[in-house]
Amino acid sequence: MTDFPQLPVTLDDIQAAAKLLDGVIAHTPIEQSRALGRITGSDVYLKCENLQRAGSFKVRGAYVRMAKLSEEQKASGVVAASAGNHAQGVAVAAARLGIKARIFMPLGVALPKLAATQGHGAEVVLHGHNVDEALAEAQRYADETGAVFVHPFDNVDIIAGQGTLGLELLEQIPTLDTVLMGVGGGGLLAGVAVAIKARAKELGREVRIIGVQAENAAAYPPSLAADALVPLSKVSTIADGIAVGRPGQLPFSIIRELVDDVVTVSEDALARALIFLLERAKLVVEPAGAVGVAAIMEGKIENPGNTAVILSGGNVDPMLMLKVIQRGLAAAGRYLVVRILLDDRPGSLATISRIIAESDANVTGVDHTRVGGSISMGDVAITINMETKGHEHGEQVLQNLRAEGFHPVVLHG
């Protein structure tokens with residue numbers, strides 16, 4: 001294939017990677033979303049890579065990278081660093097290939113991700129307070145011992161492996177016009193872009209490829225604007241799977257040539273997308289895997305035509321899921337937390353409860369305290385968590401409380 005000869009990864013590389021992965025990975029299903037289709041005015045499909053082995057697309061690239069090692073390299077073992085998905089992908093691939101794997105994970109990594117990586121047979125070493133520190137230690141270990149360092153995205157075999165998802169997607173939906181997916185370091189976006197752009201060209205078609213980043217961890221837009229890698233000084237997002245402060249050099253060289261756009265989404269949009277997928281699609285997806293859905297829900301994609309959204313992973317810590325659900329419900333006006341100062345006398349809380357009940361809201365939690373810097377002697381502060389039916393309903397509850405002489409302060413919602 002000579003369509004993109006200047007790029008470090010070609011369609012031939014991706015097709016060769018697909019042969020290596022035959023019988024190793026799952027061909028994950030496609031689900032049509034009528035609810036998202038009503039937003040775009042076209043067909044929208046969800047590519048459920050959250051149902052892949054080890055819970056994400058990462059096993060594709062990890063296996064291809066490791067399967068191409070020499071016997072001597074395999075005997076030396078592999079080393080990687082990750083806070084979750086790449087760790088599990090490397091662990092699964094290593095077990096399949098009979099290679100010893102050591103994975104460095106940052107201190108404080110979510111227990112389910114730690115347990116899953118160990119469960120796949122890898123040796124886990126906790127090091128550093130973030131993925132960058134773990135990566136540095138993994139590289140040091142590789143240099144010291146001769147173990148092969150398996151980078152999460154900045155490697156041609158990794159990119160080719162991730163690109164097999166694009167071939168699979170185009171086979172499942174030949175009429176595709178647009179593909180959306182999250183982007184962190186860029187391995188997935190780069191690989192899928194090569195696969196789909198090159199294959200579509202062979203078929204005489206064009207397909208738009210759009211990456212999506214969390215707005216508080218968006219290194220690609222400034223890097224593309226500058227035509228050079230622009231690292232971020234800080235990343236902060238619930239989408240930990242794409243919380244990468246510096247694009248990979250190899251993925252960037254492909255993305256700047258082939259990808260049509262990279263858009264960003266807010267944290268609230270991410271939370272709403274996660275809840276949407278739970279409620280409407282019955283799918284458990286991690287925040288990084290839901291960014292494409294968030295982009296559609298925020299109206300960031302114009303005239304997409306037949307659209308596929310890659311749900312890239314489903315490995316989400318239950319505690320994070322709880323926080324995200326609360327944030328998403330609040331963003332949708334379905335979760336309201338208010339604080340009310342009132343005289344500490346019998347009957348006040350009962351009156352507030354009656355007003356909320358008559359307003360058809362549901363109280364889920366009450367905190368009652370007489371101590372605090374803003375609480376006067378003889379007063380009490382009541383914090384009430386409640387379920388509402390949307391922003392208009394929440395405002396009506398507040399108005400009903402005010403009409404009875406109370407002064408609710410909204411803390412969340």
Quick one: does any side-chain atom of [X] pair with a main-chain N or O of [Y] as donor and acceptor, under 3.5 Å?
{"X": "T264", "Y": "E215", "result": "no"}
{"X": "T164", "Y": "A160", "result": "no"}
{"X": "Q73", "Y": "S70", "result": "yes"}
{"X": "Y220", "Y": "G185", "result": "yes"}
{"X": "D13", "Y": "T10", "result": "yes"}
{"X": "S359", "Y": "V397", "result": "no"}
{"X": "Q172", "Y": "T28", "result": "yes"}
{"X": "E387", "Y": "N362", "result": "no"}
{"X": "N315", "Y": "A54", "result": "yes"}
{"X": "D154", "Y": "Q249", "result": "yes"}

Counting heavy atoms not belonging to [X], are there more than 12 under 6.0 Å from its [atom1]?
{"X": "R354", "atom1": "CZ", "result": "yes"}
{"X": "E31", "atom1": "CD", "result": "no"}
{"X": "D143", "atom1": "CG", "result": "yes"}
{"X": "R246", "atom1": "CZ", "result": "no"}
{"X": "E358", "atom1": "CD", "result": "yes"}
{"X": "E206", "atom1": "CD", "result": "no"}

Apply side chain to side chain contact (heavy atoms under 4.5 Å, CB included) to residues L167 and Q15 and explain how you reach the verdict. CA-CA 8 Å; L167 294 181; Q15 290 172 329; 4.0 Å; yes
Of all heavy-atom pairs between [X] and [Y], which one has the smallest distance, and what is that distance?
{"X": "T237", "Y": "A243", "value": "CG2-CB, 3.8 Å"}
{"X": "V324", "Y": "A271", "value": "O-CB, 3.6 Å"}
{"X": "Q213", "Y": "G184", "value": "NE2-O, 3.9 Å"}
{"X": "A214", "Y": "I242", "value": "N-CD1, 4.1 Å"}
{"X": "A219", "Y": "G245", "value": "CB-O, 3.6 Å"}
{"X": "I39", "Y": "I296", "value": "CG2-O, 3.6 Å"}

Could you list the residues that satisfy ring-ring contact (aromatic ring centres under 6.0 Å, His included) with H393, not counting sequence neighbours? none
With rounding to the nearest 0.5 angstrom, report the [atom1] to [atom2] distance, [X] to [Y].
{"X": "L11", "Y": "I196", "atom1": "CG", "atom2": "CD1", "value": "11.0 Å"}
{"X": "D268", "Y": "R327", "atom1": "CG", "atom2": "CZ", "value": "4.5 Å"}
{"X": "M181", "Y": "L189", "atom1": "CE", "atom2": "CG", "value": "5.0 Å"}
{"X": "L135", "Y": "F149", "atom1": "CG", "atom2": "CZ", "value": "5.0 Å"}
{"X": "H151", "Y": "L250", "atom1": "NE2", "atom2": "CG", "value": "9.5 Å"}
{"X": "D317", "Y": "I238", "atom1": "CG", "atom2": "CD1", "value": "12.5 Å"}

Could you go through the side chain to side chain contact (heavy atoms under 4.5 Å, CB included) check for L69 and V78 one step at a time? CA-CA 10 Å; L69 297 177; V78 298; 3.9 Å; yes
Between K68 and D157, does any NZ, NE, NH1 or NH2 come within less than 4.0 Å of an OD or OE carboxylate oxygen? yes
Would you tell me whether [X] and [Y] have side-chain atoms, one donor and one acceptor, within less than 3.5 Å of each other?
{"X": "D360", "Y": "Q396", "value": "no"}
{"X": "D43", "Y": "Q32", "value": "yes"}
{"X": "N306", "Y": "S42", "value": "no"}
{"X": "K58", "Y": "Q52", "value": "no"}
{"X": "R334", "Y": "T388", "value": "no"}

Beyond-backbone contact of [X] with [Y], side-chain heavy atoms, under 4.5 angstrom:
{"X": "L176", "Y": "L170", "value": "yes"}
{"X": "F406", "Y": "I352", "value": "yes"}
{"X": "L398", "Y": "V338", "value": "yes"}
{"X": "L258", "Y": "L7", "value": "yes"}
{"X": "V207", "Y": "D177", "value": "no"}
{"X": "V24", "Y": "R96", "value": "yes"}
{"X": "V284", "Y": "L278", "value": "yes"}
{"X": "V179", "Y": "L169", "value": "yes"}

Test applied, side-chain contact (heavy atoms from CB on, under 4.5 Å); reference residue, L46; option that passes from I30, T307, V293: V293
Verify side chain to side chain contact (heavy atoms under 4.5 Å, CB included) between I384 and V337, making sure each step is shown before the conclusion. CA-CA 6 Å; I384 302 175; V337 181; over 6 Å; no
R402/E395 under salt bridge (charged side-chain N to carboxylate O under 4.0 Å, His left out): CA gap, chis, key distance, verdict: CA-CA 11 Å; R402 293 175 187 130; E395 186 56 40; 3.3 Å; yes
What pairs meet the ring pair (Phe, Tyr, Trp, His ring centres under 6.0 Å) rule with one or both residues in residues 75-111, with sequence neighbours excluded? F104-Y141
Run the salt bridge (Lys or Arg N to Asp or Glu O under 4.0 Å) test against E298 and tell me which residues pass, sequence neighbours left out. K300
For a salt bridge (charged side-chain N to carboxylate O under 4.0 Å, His left out) check, start with the C-alpha distance between E168 and R60, then their side-chain angles and the critical distance, and finish with the verdict. CA-CA 12 Å; E168 191 176 309; R60 295 174 181 264; 3.1 Å; yes
Test side chain to side chain contact (heavy atoms under 4.5 Å, CB included) applied to V259 and I210, step by step: CA-CA 6 Å; V259 171; I210 299 177; 5.8 Å; no
Derivation and outcome, side chain to side chain donor-acceptor pair (under 3.5 Å), residues E49 and S56: CA-CA 6 Å; E49 198 68 3; S56 86; over 6 Å; no
